[in-house]
Amino acid sequence: MNTNQIKCFITVAENNNFSKSATKLFLSQSTISKNISRLEKELGFKLIDRSHKHIKLTNKGAYFYQIIKPIAQKLDDTISDLRENSLSLTLGFTDTPTESKFLPKAIDQIGQLNHVSINVEVIDPNTPTGLINLLREKYLNILCFEEDAFYNAKDIKFLPLKKMGFQSCSKEKILYITKRF
């Protein structure tokens, strides 16, 4: 299995057409077909049903597409970042006392990695778009905030930052979603 085979398969799955896919990838239709056939042979199952006038993904092909598409995108993003010779990370800063202690340490540790560009954004916690959307849309990669504010967000990961005393009913945590980093 190679990236050319994967790109051919993804493009055909998205266009439902070998000719359109060939045009988009600047390849011949036979090259697209051969790449997908080799991929199917290596996997040991059919990805595309070619028996009709129009092509259609098999059940395994549809499942494989759902899994491989984000992996291929992550690979492309990583290669693009490395070619640009820098990775970027955006830290959301809401100006709490805990962040004032945490942020310089985080920047120092992350900055020790090669080719990492660190952006610090001051964020209003009452932003109309909502903090959760800033994370989900990957505008922010790291944000210090209370876990309670994101109790229904299963896709947000939390790491303990500091245990608070009795005056607080929640623990302040660092939460993050990774982005091309």
Side-chain angles (χ1 to χ4, degrees), residues 1-92 110 113-119 121 127-143 145 147 149-159 173-181:
M1 182 178 338
N2 64 47
T3 56
N4 290 332
Q5 293 169 340
I6 299 296
K7 284 180 185 179
C8 289
F9 168 70
I10 289 171
T11 306
V12 169
E14 291 173 346
N15 290 287
N16 291 319
N17 187 297
F18 281 90
S19 296
K20 287 180 185 177
S21 299
T23 301
K24 282 190 174 196
L25 294 174
F26 303 103
L27 297 170
S28 69
Q29 187 173 340
S30 65
T31 301
I32 299 284
S33 183
K34 286 176 188 174
N35 272 297
I36 292 174
S37 293
R38 289 180 186 136
L39 178 61
E40 289 174 328
K41 185 176 181 181
E42 188 173 333
L43 293 172
F45 54 85
K46 289 286 183 192
L47 297 168
I48 297 172
D49 181 5
R50 299 169 178 85
S51 62
H52 298 71
K53 187 175 183 178
H54 299 285
I55 65 163
K56 179 182 166 187
L57 293 179
T58 64
N59 288 340
K60 288 181 179 181
Y63 178 73
F64 185 71
Y65 172 78
Q66 288 177 334
I67 300 300
I68 204 69
K69 172 71 175 169
I71 294 169
Q73 185 63 53
K74 181 72 173 171
L75 179 62
D76 288 345
D77 291 346
T78 301
I79 291 168
S80 176
D81 283 344
L82 292 172
R83 282 187 177 145
E84 292 173 6
N85 211 18
S86 70
L87 301 175
S88 67
L89 175 67
T90 303
L91 301 173
I110 294 167
L113 300 172
N114 292 330
H115 308 294
V116 176
S117 169
I118 302 170
N119 307 308
E121 296 283 335
T127 179
T129 58
L131 294 174
I132 197 162
N133 287 336
L134 293 175
L135 290 164
R136 283 188 175 142
E137 298 298 319
K138 297 180 180 156
Y139 179 78
L140 297 177
N141 303 106
I142 297 176
L143 174 69
F145 214 75
E147 181 177 2
F150 300 90
Y151 70 95
N152 275 335
K154 305 283 188 232
D155 55 332
I156 308 287
K157 297 179 184 181
F158 294 88
L159 296 174
K173 307 249 184 169
I174 179 174
L175 63 94
Y176 67 97
I177 296 181
T178 57
K179 168 192 150 192
R180 295 175 9 157
F181 156 63

Practice prompt. Taking all heavy atoms of I32 and all of C8, pick out the closest pair and write down the distance.
Written response: CD1-SG, 3.6 Å
Practice prompt. Would you mind reporting whether E40 and I48 have side-chain heavy atoms less than 4.5 Å apart?
Written response: yes
Worksheet item: Do the side chains of Y65 and E14 get nearer than 4.5 Å, heavy atoms only?
Response: yes
Item to complete: Given side-chain contact (heavy atoms from CB on, under 4.5 Å), test I68 with Y63 step by step and report yes or no.
Response: CA-CA 9 Å; I68 204 69; Y63 178 73; over 6 Å; no
Practice prompt. Go through the steps for N16 and K56 under the test side-chain contact (heavy atoms from CB on, under 4.5 Å), then give the verdict.
Written response: CA-CA 7 Å; N16 291 319; K56 179 182 166 187; over 6 Å; no
Worksheet, complete the sentence: Rounding to 0.5 Å, atoms OG1 (T3) and CD1 (I6) come to a distance of 8.5 Å
Discussion item. Within the structure provided, determine whether L47 and K60 are in side-chain contact (heavy-atom separation under 4.5 Å).
Written reply: no
Practice prompt. Please report the closest heavy-atom contact between A72 and I10, naming both atoms and the distance.
Written response: CB-CD1, 3.6 Å
Worksheet item: Could you state the interatomic distance from NZ (K24) to NZ (K20), rounded to the nearest 0.5 Å?
Response: 8.5 Å
Practice prompt. Evaluate side-chain contact (heavy atoms from CB on, under 4.5 Å) for I36 paired with F18, printing each intermediate quantity in order.
Written response: CA-CA 10 Å; I36 292 174; F18 281 90; 3.9 Å; yes
Discussion item. Within the structure provided, determine whether I55 and D49 are in side-chain contact (heavy-atom separation under 4.5 Å).
Written reply: no
Worksheet item: Do the side chains of L57 and F9 get nearer than 4.5 Å, heavy atoms only?
Response: yes
Practice prompt. Measure the shortest side-chain to side-chain distance between K7 and N35 over non-hydrogen atoms and say whether it is less than 4.5 angstrom.
Written response: no
Worksheet entry | Gap separating the CD atom of Q73 from the CG atom of L75, nearest 0.5 angstrom | 9.5 Å
Worksheet item: Would a 4.5 Å heavy-atom cut-off, applied to side chains only, mark S37 and R50 as touching?
Response: yes
Discussion item. Treating S21 as the side-chain partner and N17 as the backbone partner, does any N or O pair qualify as donor plus acceptor under 3.5 Å?
Written reply: yes
Worksheet item: Do T31 and S28 have a side chain donor and acceptor closer than 3.5 Å?
Response: yes
Worksheet item: Do Q5 side-chain atoms and N2 backbone N/O form a donor-acceptor pair below 3.5 Å?
Response: yes
Discussion item. I want to check something: taking the side chain as every heavy atom from C-beta on, are N59 and F45 in contact at a cut-off of under 4.5 Å?
Written reply: no
Discussion item. Nearest 0.5 Å, please: how far is CD in Q29 from NZ in K34?
Written reply: 12.0 Å
